Number of protein chains: 2
Amino acid sequence: MTSKRANQWLASADLRPTRQRVALAEVLIGDGKHRHVTAETLFEQVKLGGEKVSLATVYNTLRAFCDAGLTQEVTVDGSKSYFDTNTYDHPHFYWDDTQTLTDAPADQMKITQLPDAPEGMEIGSVDVVIRLRKKN
Amino acid sequence: MTSKRANQWLASADLRPTRQRVALAEVLIGDGKHRHVTAETLFEQVKLGGEKVSLATVYNTLRAFCDAGLTQEVTVDGSKSYFDTNTYDHPHFYWDDTQTLTDAPADQMKITQLPDAPEGMEIGSVDVVIRLRKKN
DNA sequence: TTAAGTGCAAATTATTTGCAGTAAG
DNA sequence: CTTACTGCAAATAATTTGCACTTAA
């Protein structure tokens with residue numbers, strides 16, 4: 001049962017609902033919750049779901065989703081990129097032990113003052129990553 | 001003229017002052033100012049200074065500096081890593097057009113509220129990167 | 001001396017790309 | 001039909017590593 005949601009999500013960005021894209025979208029937003037994946041983890045998850053999508057396509061598709069504004073790329077540890085289905089500007093928790101990324105409650109963070117953008121520049125986004133480590 | 005500063009900096013972290021390390025330290029903190037480099041840019045700069053250090057050693061040395069707490073790794077765009085000689089927890093400007101990283105004035109930013117760390121976790125650091133893009 | 005550091009070239013990891021085949025509009 | 005999408009395998013980019021050689025202590 002392919003959720004209508006996934007198809008609408010793709011349609012909203014003028015992306016053709018190919019079998020692979022729908023499968024990926026399904027995993028990403030099928031239940032309406034936000035998700036944080038790497039190309040690799042998404043690849044695994046879609047395979048578990050029984051669909052076959054090549055890893056290259058996962059990469060290309062995530063890139064396409066980002067270009068279309070459906071997802072947001074979050075860089076956290078230099079090696080891999082994470083993709084977040086929540087495109088609203090919000091802080092993240094990065095769990096050092098499991099190397100996973102989750103949303104941090106945005107309402108519990110307040111930045112009351114921000115440096116001014118230098119001459120001729122403007123602020124594109126403010127990326128906040130709160131690194132968590134296991135307490136002792 | 002090899003500054004005393006570079007040698008002291010290495011000594012403070014119990015790192016042997018080899019020719020290569022001194023050369024790199026020289027570029028990094030020779031004038032007492034903070035610097036933000038990638039392995040590649042540091043490699044270029046040290047070459048301009050007339051010293052010969054292999055790229056692998058630049059990578060290994062930056063890693064050693066980080067392990068020793070002399071520098072801090074900053075991740076910003078997923079591909080390369082930046083190394084910052086300012087190890088104090090502070091925000092960064094990332095200039096999208098030139099792909100460079102600079103310090104943002106810490107005193108002009110105020111985070112008055114931060115999400116609590118989840119059960120059993122503690123906050124290691126709060127990484128803030130302010131992305132700048134050329135104003136139109 | 002001798003353990004730590006260095007340089008190369010080869011290995012790894014994450015990601016992108018070229019191109020022939022497949023499918024959506 | 002026709003153009004966009006997909007899959008594979010090869011290409012690339014950033015970084016690490018194995019190992020013989022060098023050097024600081």
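Throughout, a chain's letter reflects where its sequence line sits, starting with A, and its residues are numbered from 1. When reading the values below, keep in mind they use all heavy atoms of this one structure, side chains included, and skip hydrogens, waters and symmetry mates. Owing to the predicted nature of the structure, the values given are computational and were not obtained by experimental measurement.
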Q: For DNA chain D, find the residues of residues 58-74 of chain B with a heavy-atom distance under 4.0 Å and give them by number; none if there aren't any.
A: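 By residue number: B/Y59, B/N60, B/R63.
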Q: Sequence neighbours left out, what passes side-chain contact (heavy atoms from CB on, under 4.5 Å) with A/N136? Give chain and number order.
A: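 Partners of A/N136 by the side-chain contact (heavy atoms from CB on, under 4.5 Å) criterion come out as none, since no residue qualifies.
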Q: Can you check the A/K52 NZ to C/dA23 P distance for me, whole Å?
A: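 Atom-to-atom, A/K52 to C/dA23, this comes out as 12 Å.
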Q: Please determine if a side-chain N or O atom of B/S54 lies less than 4.0 Å away from the OP1 or OP2 oxygen of C/dC8.
A: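 So the side chain of B/S54 is outside the cut-off, no N or O lying under 4.0 Å from OP1 or OP2 of C/dC8.
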Q: State which residues pass ring pair (Phe, Tyr, Trp, His ring centres under 6.0 Å) with B/F83; sequence neighbours excluded, sorted by chain then number.
A: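 In terms of ring pair (Phe, Tyr, Trp, His ring centres under 6.0 Å), with neighbours along the sequence ignored, B/F83 is linked to no residue.
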Q: Figure out the CD/C1' separation between B/Q99 and D/dA14, and round it to whole Å.
A: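 So the CD-C1' distance, B/Q99 to D/dA14, works out to 13 Å.
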Q: Partners of B/Q113 by side-chain contact (heavy atoms from CB on, under 4.5 Å), sequence neighbours excluded?
A: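 Applying side-chain contact (heavy atoms from CB on, under 4.5 Å) to B/Q113 gives A/Q108, A/K110.
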Q: What pairs meet the salt bridge (Lys or Arg N to Asp or Glu O under 4.0 Å) rule with one or both residues in residues 53-64 of chain A, with sequence neighbours excluded?
A: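 Salt bridge (Lys or Arg N to Asp or Glu O under 4.0 Å) check on residues 53-64 of chain A returns A/R63-A/E73.
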Q: List for me each residue that meets side-chain contact (heavy atoms from CB on, under 4.5 Å) alongside A/R21, sequence neighbours excluded, and say none if there are none.
A: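 A/L10, A/L15, A/R16, A/T18, A/T61.
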Q: If the cut-off is 4.0 Å, is A/T38 near the phosphate of C/dA14, judged by side-chain N/O to OP1 or OP2?
A: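 A/T38 to C/dA14 OP1/OP2: no side-chain N or O under 4.0 Å.
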Q: Nearest whole angstrom, please: distance from the C1' of C/dG7 to the CZ of B/R21.
A: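 It is 14 Å, rounded to the nearest whole Å.
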Q: Return the set of residues passing ring pair (Phe, Tyr, Trp, His ring centres under 6.0 Å) with B/Y94 (not counting sequence neighbours), or none when no residue passes.
A: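 None.
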Q: Would you tabulate the pairs of protein nitrogen or oxygen atoms and nucleotide nitrogen or oxygen atoms of nucleotides 20-25 of chain D closer than 3.5 angstrom?
A:
none

Q: Kindly write out the residues that satisfy ring pair (Phe, Tyr, Trp, His ring centres under 6.0 Å) with B/H92, not counting sequence neighbours, or none if the list is empty.
A: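 Expected list: B/H36, B/H90.
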Q: Salt bridge between B/K80 and B/E40, side-chain N to carboxylate O under 4.0 Å?
A: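 No, no charged N to carboxylate O under 4.0 Å.
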Q: For the side chain of B/L55, starting at C-beta, report the closest nucleotide among D/dT15, D/dA14, C/dA9.
A: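 From the listed options, D/dT15 comes nearest.
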Q: Specify the separation, in whole Å, of atom CG of A/L42 and atom P of C/dT15.
A: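 So the CG-P distance, A/L42 to C/dT15, works out to 12 Å.
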Q: Using atom CG of A/D14 as one end and atom C1' of C/dG25 as the other, report the distance to the nearest whole Å.
A: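 After rounding, the reported distance stands at 13 Å.
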Q: Which heavy atom of B/V53 sits nearest a heavy atom of B/L24, and at what distance?
A: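 B/V53 and B/L24 have their closest heavy atoms at CG1-CD1, 4.5 Å.
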Q: For A/Q20 and D/dC8, what is the distance between atoms CD and P respectively, to the nearest whole Å?
A: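 My rounded result for the distance is 10 Å.
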Q: Pairs in or reaching into residues 83-109 of chain A: which pass salt bridge (Lys or Arg N to Asp or Glu O under 4.0 Å), with residues at least two apart or in two chains?
A: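 Residue pairs passing salt bridge (Lys or Arg N to Asp or Glu O under 4.0 Å), neighbours aside: A/D97-A/K134.
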Q: Restricting to side-chain contact (heavy atoms from CB on, under 4.5 Å), what partner residues turn up for A/A39, sequence neighbours left out?
A: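 By the side-chain contact (heavy atoms from CB on, under 4.5 Å) rule, A/A39 matches A/V58, A/Y59, A/L62.
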Q: Let me test you: for the helix from C/dT1-D/dA25 to C/dG25-D/dC1, what is the angle between the axes at its two ends (five pairs each), rounded to 10 degrees?
A: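 It comes to 30° between the two terminal axes.
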Q: Is any side-chain N or O of B/K80 closer than 4.0 Å to OP1 or OP2 of C/dA14?
A: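 B/K80 to C/dA14 OP1/OP2: no side-chain N or O under 4.0 Å.
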